[in-house]
Amino acid sequence: MQTMISEIAAHDGETVTLKGWLYNARSGGKIRFLLLRDGTGTIQCVASRADVGEETFELIDTLTQESSIVVTGVARADKRAPGGFELDVKHLELIGRADEYPISLKEHGTAFLMENRHLWVRSRRQVAILRLRHEIIRAIRDFFDNRGFTLYDTPIFTPSACEGTSTLFETEYFGEKAYLAQSGQLYAESGAMALGKVYCFGPTFRAEKSKTRRHLIEFWMVEPEVAYLDLEGDMELAEDFISYIIERVLENRQEELKTIERDTAPLEKIKKPFPRITYTECVDIIKKAGHPIEWGDDFGGDEETVVSSQFDAPVMVHRFPAEIKAFYMKSDPEDERLALGFDMLAPEGKGEIIGGGQREDDYDTLVKKIKAHNLPLEAFNWYLDLRKYGTVPHAGFGLGLERTVGWICGLPHVRETIPFPRMLHRMKP
RNA sequence: UCCGGAGUAGCUCAAUGGUAGAGCGGGUGGCUGUUAACCACUAGGUUGGGGGUUCAAGUCCCUCCUCCGGAGCCA
């Protein structure tokens with residue numbers, strides 16, 4: 001029977017079998033220290049010539065880093081051991097001898113680590129980050145599932161753009177042009193009219209030549225869409241959503257946060273309600289900070305940081321100029337120049353993690369907006385049907401998973417938040 | 001795509017235009033409590049590719065490639 005290293009404390013004094021990989025080895029004259037990892041943790045195994053016998057002792061001296069081994073021995077609490085417990089080895093079996101492992105315990109450059117991403121994921125830090133990603137995904141699903149949302153999977157092959165602005169990956173679909181989805185939103189809107197409250201959650205693709213610490217070419221996005229919801233309700237939903245994710249991570253993943261040396265104080269400070277400020281107020285804040293900006297300009301990374309650094313919690317900026325926002329956004333009835341949309345900016349200068357808002361629900365207005373954005377009307381016939389057959393006010397948003405993971409983990413770059421990041425000019429391994 | 005920086009041993013980095021080096025990793029040996037162990041010895045190089053200047057180029061010039069950082073666009 002196999003015992004996982006994370007559960008070793010429950011087996012103090014017992015004989016257990018651990019299965020894993022050799023992380024590091026140190027030797028004394030007649031004693032060997034083997035650091036074993038199994039994906040749940042690491043433990044120091046101690047082997048003496050007298051305990052394991054001549055043959056096994058010599059085998060141990062030939063073990064290379066990352067060789068897979070099965071070790072049986074007695075678990076024992078020991079202050080000298082990293083992790084508090086160690087294993088007195090009785091038997092050791094070599095499963096697969098590793099070739100010279102490229103990733104040593106010393107420092108490496110980013111390029112080298114990215115080229116060896118398939119091996120890099122074994123390292124302690126990467127394991128912790130991937131577990132945090134998993135926790136965040138589970139929290140996302142639980143949040144919506146517990147609130148009566150239905151998962152509504154949207155297609156990845158799509159016949160046309162949903163926003164004219166971003167660049168799409170073009171591919172071929174049995175002789176027809178097809179594009180990889182850059183958002184599931186328009187399809188999710190059809191789900192809201194069928195099921196009331198839905199969300200889609202999947203990979204999305206943007207062929208933008210973006211080369212920054214916040215961009216991936218392929219990234220995961222969760223997009224809720226709710227019938228009979230307005231902008232204010234949408235912002236409340238987003239605020240509850242983010243609060244829930246943070247709460248879950250702090251509750252379940254202290255160990256991993258410690259491993260990656262994340263200071264949790266900024267996360268613990270996050271409490272509802274989140275600040276809500278209008279785009280127009282934002283422009284004033286940015287101007288006062290000495291950045292040149294005019295009403296009507298979109299925010300760059302620096303501008304976002306100026307705004308978000310003024311608050312402990314994520315800040316929601318709403319009512320952007322309609323001109324710089326997508327065609328499907330509803331205009332503010334109190335000021336037609338404004339769109340009923342919002343962005344949520346993460347604290348600590350991590351930038352936009354959510355974009356969303358209320359959708360245009362009037363048929364004629366939507367047709368005008370599609371035309372004004374120079375988009376082909378016929379591609380949106382099905383979408384316009386949603387306004388033709390029982391239109392209702394509705395709203396939703398999209399959350400970028402990798403940016404959220406990067407923020408919560410306190411990482412400077414999103415490339416470590418997904419097992420195999422697809423970036424500009426990098427598709428290997 | 002634009003602006004900046006960098007490519008030297010498996011990895012991280014040194015080397016005034018004048019004989020390419022260290023630490024780690026690998027190999028061999030030593031050590032009974034190591035914590036990225038330590039000590040000794042040892043192997044390991046077309047200095048990113050191509051062209052040029054020079055008596056002489058890792059070093060200077062041109063060009064291409066790759067990577068890193070930033071900008072724009074966006075989640």
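These numbers come from the heavy atoms of this one structure, side chains and all, not from hydrogens, waters or symmetry mates. Just so it is clear: chains get the letters A, B, ... in the order the sequence lines come, proteins before strands, and each one is counted from 1. Computed from a prediction, not measured in an experiment: that's the story for all the values here.
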Distance flag, aromatic centroids of A/F143 and A/Y244, threshold under 6.0 Å: yes
Pairs involving residues 278-314 of chain A, ordered by first then second residue, that meet ring-ring contact (aromatic ring centres under 6.0 Å, His included) (sequence neighbours left out): A/Y279-A/W295, A/Y279-A/F299, A/Y279-A/F320, A/F299-A/F320
Touch class at under 4.0 angstrom, heavy-atom based, for A/S27 against every strand present: base
Strand contacts (RNA chain B) in residues 49-77 of chain A, 4.0 angstrom heavy-atom criterion: A/R76
Touch class at under 4.0 angstrom, heavy-atom based, for A/L399 against every strand present: nothing
Residues within residues 290-297 of chain A bordering RNA chain B, heavy-atom distance below 4.0 Å: none
By ring-ring contact (aromatic ring centres under 6.0 Å, His included) - contacts of A/F397 (at least two apart): A/F241
Rounded distance in Å between the C1' positions of B/rA14 and B/rG21: 7 Å
Paired and unpaired positions of RNA chain B as dot-bracket, Watson-Crick or G-U wobble under 3.5 Å, | denoting a partner strand: (((((((..((((....[..)))).(((((.......))))).....(((((..]....))))))))))))....
A/F33 over B/rG33, stacked by centroid distance under 5.5 Å, angle under 30°: no
Distance flag, aromatic centroids of A/F274 and A/F342, threshold under 6.0 Å: no
Sugar-phosphate, base or nothing in reach of A/D298, heavy atoms under 4.0 Å: sugar-phosphate
Sugar-phosphate only, base, or nothing, as touched by A/T212 at under 4.0 Å among non-hydrogen atoms: base
Working for side-chain contact (heavy atoms from CB on, under 4.5 Å), residues A/E135 and A/R138: CA-CA 5 Å; A/E135 183 68 37; A/R138 284 204 335 181; 3.9 Å; yes
A/K19/A/D38 under salt bridge (charged side-chain N to carboxylate O under 4.0 Å, His left out): CA gap, chis, key distance, verdict: CA-CA 6 Å; A/K19 302 181 178 185; A/D38 73 349; over 6 Å; no
What's touching nucleotides 4-14 of chain B from the protein side, N or O pairs under 3.5 Å?
{"unit_1": "B/rC11", "atom_1": "O2'", "unit_2": "A/E107", "atom_2": "O", "d": "3.3"}
{"unit_1": "B/rC11", "atom_1": "O2'", "unit_2": "A/H108", "atom_2": "ND1", "d": "2.6"}
{"unit_1": "B/rU12", "atom_1": "OP1", "unit_2": "A/G109", "atom_2": "N", "d": "2.9"}

